[in-house]
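The structure presented is a predicted model; accordingly, all values stated were derived computationally and were not measured. Naming: A, B, ... by sequence-line order, numbering from 1 per chain.
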Amino acid sequence: MARLNDTVEAALIEYADLLSILTNDPYKPRSYEKAARAVGGYPGDLGTMDLKEVLKIPSVGKSIGEKIDEFVRTGSFEALEELRAQIPPGVREMIGIPGLGPKKAIVLYRELGIADVEQLGQAVEQGRLAELKGFGAKTQENIRRGIERMNQSTGRVLVSMAMDLADYFLERLGGRKDVRRMEYAGSLRRMAETIGDLDLLVASDDPIGVIDAFTSDGMTDRVLAKGDTKSSILTRKGLQVDLRVVPLEAWGAAMIYFTGSKPHNIRIREMAVRKGLKLNEYGLYRAKSGKLIVAETEEEVYEKLSLPWIPPTLREDRGEVEAALEGTLPDVLTRKQLRGDLHTHTDLTDGLASLEQMLATASGLGYAYYAVTDHAPNLFMQRMTDEKMLAQREQLRKLQSSYPRMTLLHGTELNIDAEGNVDWDAGFLDGFDVCVASVHSLFNQSKDEMTRRIVRAMENPHVHVIGHPTGRIINKRQPVDLDLEEVFKAAARTGTALEVNGYPDRLDLRDEHILWARRHGVRFAVDTDSHATTHLEHMRYGVGNAQRGWLTQDDVINAWPLSKLRTFLRKGG
DNA sequence: GCCGTTTTCGGCCCGACTGTTTTCAGTCG
């Protein structure tokens, strides 16, 4: 399922890691990292490109271009194999230990022959690191704890969990007298699909007081770092939280800096340098005189770099800086533009809330329309029957009068079977306003079978939306094996929308797939797949993911007025 | 290794925190 571009990206990153261990030149590894990102984010498929085309990828020059070419032809490149022969894979894993970088790793390997994390752990217990220059008692203790952390780390957490933790700290610290402003930043503000650590920004004239309160909070398990302007803690839930305190006058520059992404920041800092300016978290300055130009708002800083304000969800160095310069930045979808949810459940199947409760909550969100899409009979455990479905439709029609401003749509979530058929015949399907169809079984079919299956479902004139198209569950289940190129072409050809499922552990399609599908002219439905009233709020994550895929109102069928949506649901028929 | 409105060489984003080599390198974001 991984694109060749992703495989090449991983190989270039591995090469960069090995270089950073073996050389003292910091720039060479950085060149490979930069090229790796460029390749991973490049729309063209490396497998279909010749060397001349490869060299057109930004940050890819002759040397890297030839290595990529070699990799595409042979599955590796010689220079990578040479470095692999010098550095055992375990040494590269060692630089994943927090606080241990390439320079310390190579010393441990060369001086003590330590070749993996396990051997390092043993050496620490035996106190063998003390004989090395530059490894004092504290460093040894930090490595011991770093290994501990790496072993028990939960890895990246769901965006919803990080959001809850952000809300907790905003409530605990945001109301303090010495806190003039507080917001979350980092990957959470960019709405990345998983969060590695939570970044919080505070404006205050008394940083020490705020940081003391932060590090002594009941949620804090261990203080990782504590200075005059920043501090990092490990929470009891295992997630790292970084707090940065700046003066209110520097808020905008600090938000840009702390929101990232890192590659985005590097891009705009390079732009600043070319203009004879310097950008850091305190503001935009003239490089020579050091005179402050702007700092208070993000808009001002971007403006002085000749850029419009760029939404945080786009700040991934995926072409947003170029688009901003050309004035072609997308007008990304907003929560407010969404007029309805097209994938929701009730307690008629596996939902937790009644139809009435779901409708009441949805109405409070200001939707113009709302679809109930309970499971269909072939998902046998849900015990759906024709009679139950028709009774629900009847109930929905009666409830319509209670919601004069919200049109109630009756739908269902169909099951795509092994061959691509769905639950009911055309006659029964005609009775629904909207049909989502999803894969709920046989996740292990071959790529060809799975692709044919989904394409066949899309060719069904009654199927309007493919639900959670890749079926992945973050940290739990791998995506199904699909020829996405074929699926996206078929979705565009048949006029079937692909879902951007906002449920936090699904987020399916994911951002890169959305970008890819969008280039084929595919339409999307941003839905919550709610099984409880509280889930309806997950639309924020669907919108975040849609923005990360550069979607606008035009791309998203449930951001359209009802009449236009109804035309789409006729599927050209 | 890449790149160019300081263009084929000489730069490459910038600052905070930590520990230790007490003046700075390593690591991180």
Side-chain angles (χ1 to χ4, degrees), chain A residues 12 15-16 19-21 23-38 55-68 79 94-108 129-130 132-143 145-146 185-187 190 195-201 207 211 215 223-233 240-246 250 253-254 256-285 287-288 290 305-306 317 321:
Chain A
L12 291 174
Y15 191 70
L19 274 179
S20 73
I21 294 171
T23 75
N24 281 321
D25 174 7
Y27 298 109
K28 206 161 148 181
R30 199 179 295 169
S31 295
Y32 280 91
E33 279 169 29
K34 208 172 166 182
R37 270 203 323 277
L55 290 173
K56 286 181 189 156
I57 302 173
S59 305
V60 174
K62 187 166 177 293
S63 176
I64 295 180
E66 282 170 357
K67 290 186 177 75
I68 293 174
M94 276 158 50
I95 68 178
I97 298 169
L100 184 67
K103 297 292 171 279
K104 285 201 174 82
I106 192 65
V107 170
L108 290 167
L129 269 50
L132 291 176
K133 208 177 165 190
F135 288 77
K138 283 198 171 175
T139 297
Q140 217 168 150
E141 175 60 11
N142 284 340
I143 291 175
R145 289 183 148 180
S187 53
R190 300 198 313 277
I195 307 298
D197 53 37
L198 173 62
D199 297 311
L200 300 172
L201 185 65
I211 286 172
T215 53
V223 178
L224 300 171
K226 188 179 176 185
D228 293 344
T229 66
K230 66 187 271 193
S231 171
S232 297
I233 61 155
Q240 181 176 326
V241 183
D242 298 335
L243 179 79
R244 183 71 192 260
V245 187
V246 297
I256 289 177
Y257 158 74
F258 221 31
T259 297
S261 65
K262 193 173 168 180
H264 175 87
N265 285 352
I266 290 174
R267 286 299 307 276
I268 62 175
R269 284 179 179 196
E270 283 170 354
M271 285 183 64
V273 170
R274 282 198 294 276
K275 287 175 178 290
L277 308 173
K278 184 182 75 164
L279 178 62
N280 61 28
E281 58 264 54
Y282 299 111
L284 185 64
Y285 300 85
K288 277 187 188 162
L305 294 172
S306 310
D317 192 22
V321 174

Practice task
Could you check A/K262, A/K34, A/H264, A/R267 and say which one makes a side-chain hydrogen bond (donor to acceptor under 3.5 Å, both in side chains) with A/D317?
Solution key: A/R267

Practice task
Output every pair passing salt bridge (Lys or Arg N to Asp or Glu O under 4.0 Å) with a member in residues 223-232 of chain A, not counting sequence neighbours, ordered by first then second residue.
Solution key: A/D212-A/K226

Exercise for the section: For B/dA16, take OP1 and OP2 only and decide whether either is under 4.0 Å from a side-chain N or O of A/Y282. Expected result: yes

Problem - Between B/dT20 and B/dG26 - C1' atom distance, rounded Å - result: 11 Å

Problem - Donor-acceptor pair, side chain of A/K103 and main chain of A/S20, under 3.5 angstrom - result: yes

Practice task
Choose from B/dC17, B/dC3, B/dG29 the nucleotide whose nearest atom is closest to any side-chain atom of A/D197.
Solution key: B/dG29

Practice task
Measure from the side-chain heavy atoms of A/K104 and tell me the nearest of B/dC17, B/dG15, B/dT27.
Solution key: B/dT27

Handout entry: P atoms of B/dT21 and B/dC14, separation to the nearest Å
Key = 31 Å

Practice task
For A/Y257, report the nucleic acid contact type (base, sugar-phosphate, nothing); a contact means any heavy atom under 4.0 Å.
Solution key: base

Handout entry: B/dT5 and B/dG1, which share atom name C1', separated by this distance in whole Å
Key = 23 Å

Practice task
Round to the nearest Å and state the distance from A/K34 atom NZ to B/dG1 atom C1'.
Solution key: 10 Å

Handout entry: Test applied, side chain to side chain contact (heavy atoms under 4.5 Å, CB included); reference residue, A/S232; option that passes from A/L224, A/V241, A/V223, A/T215
Key = A/L224

Handout entry: B/dT23 versus B/dT18 - spacing of their C1' atoms, nearest Å
Key = 14 Å

Handout entry: Contact under 4.0 Å: A/T139 side-chain N or O vs B/dT20 OP1/OP2
Key = yes

Fill in the blank from the handout: Side-chain atoms of A/E270 come closest, of B/dC13, B/dG1, B/dT20, to B/dC13

Completion exercise
note: A/L129, atom CG; B/dT20, atom P; distance rounded to Å ~ 11 Å

Exercise for the section: Between A/G101 and A/L224, just flag the one whose closest nucleotide in DNA chain B comes earlier from the 5' side. Expected result: A/L224

Practice task
Give a yes or no answer on whether the side chain of A/S231 reaches the backbone of A/A225 with a donor-acceptor pair at less than 3.5 Å.
Solution key: yes

Problem - A/D199 side chain vs A/A185 backbone, donor-acceptor pair below 3.5 Å - result: no

Exercise for the section: State, without any angle test, whether A/S306 and A/K275 hold a side-chain donor-acceptor pair at a distance under 3.5 Å. Expected result: yes

Fill in the blank from the handout: Whole-Å distance, A/R269 CZ to B/dC12 P, equals 14 Å

Problem - B/dC17 versus B/dC13 - spacing of their P atoms, nearest Å - result: 22 Å

Fill in the blank from the handout: Here the distance between atom P of B/dT18 and atom CZ of A/R145, to the nearest Å, is 13 Å

Handout entry: Length of the line joining A/I57:CD1 and B/dC2:P, which is rounded to integer Å
Key = 12 Å

Exercise for the section: Rounded to the nearest angstrom, tell me the gap between atom CG in A/D199 and atom C1' in B/dA16. Expected result: 14 Å

Completion exercise
With the side chain defined as heavy atoms from C-beta on, A/R244 is closest, among B/dT20, B/dA16, B/dC14, to B/dA16

Practice task
Give the nucleotide from the list B/dG29, B/dT20, B/dT21 with an atom nearest to the side chain of A/K133.
Solution key: B/dT21

Handout entry: Minimum-distance nucleotide (side-chain atoms of A/N142 versus B/dT27, B/dG19, B/dC17)
Key = B/dG19

Handout entry: Selection from B/dG29, B/dC12, B/dG26 that lies nearest to any side-chain heavy atom of A/K103
Key = B/dG26

Completion exercise
pair_partner(B/dC14), Watson-Crick or wobble, both distances < 3.5 Å, evaluates to B/dG29

Problem - Residue whose nearest DNA chain B nucleotide is more 5′ - A/T229 or A/I64 - result: A/I64

Completion exercise
Among the nucleotides B/dG19, B/dA16, B/dC14, whichever has the atom closest to the side chain of A/N280 is B/dC14

Practice task
Classify the nucleic acid contact of A/P29 as base, sugar-phosphate or nothing, counting any heavy atom under 4.0 Å across all strands shown.
Solution key: nothing

Handout entry: Length of the line joining A/K28:NZ and B/dG11:C1', which is rounded to integer Å
Key = 17 Å

Exercise for the section: Report yes if at least one side-chain N or O of A/R30 is closer than 4.0 Å to OP1 or OP2 of B/dC13; otherwise report no. Expected result: yes

Problem - Centroid distance under 5.5 Å and plane angle under 30°, A/Y27 vs B/dC12 - result: yes

Practice task
In whole angstrom, give me the gap between the P atoms of B/dT6 and B/dG11.
Solution key: 15 Å

Exercise for the section: Would you indicate, yes or no, if B/dC13 has its OP1 or OP2 atom less than 4.0 angstrom from a side-chain nitrogen or oxygen of A/N265? Expected result: no

Exercise for the section: Rounded to the nearest angstrom, tell me the gap between atom NZ in A/K56 and atom C1' in B/dC2. Expected result: 18 Å

Problem - Inter-nucleotide C1' distance (B/dG15, B/dG10), Å rounded - result: 24 Å

Exercise for the section: Look at the side chain of A/K262 against the base of B/dG29 and say whether a donor-acceptor pair falls under 3.5 Å; ignore hydrogens and angles. Expected result: yes

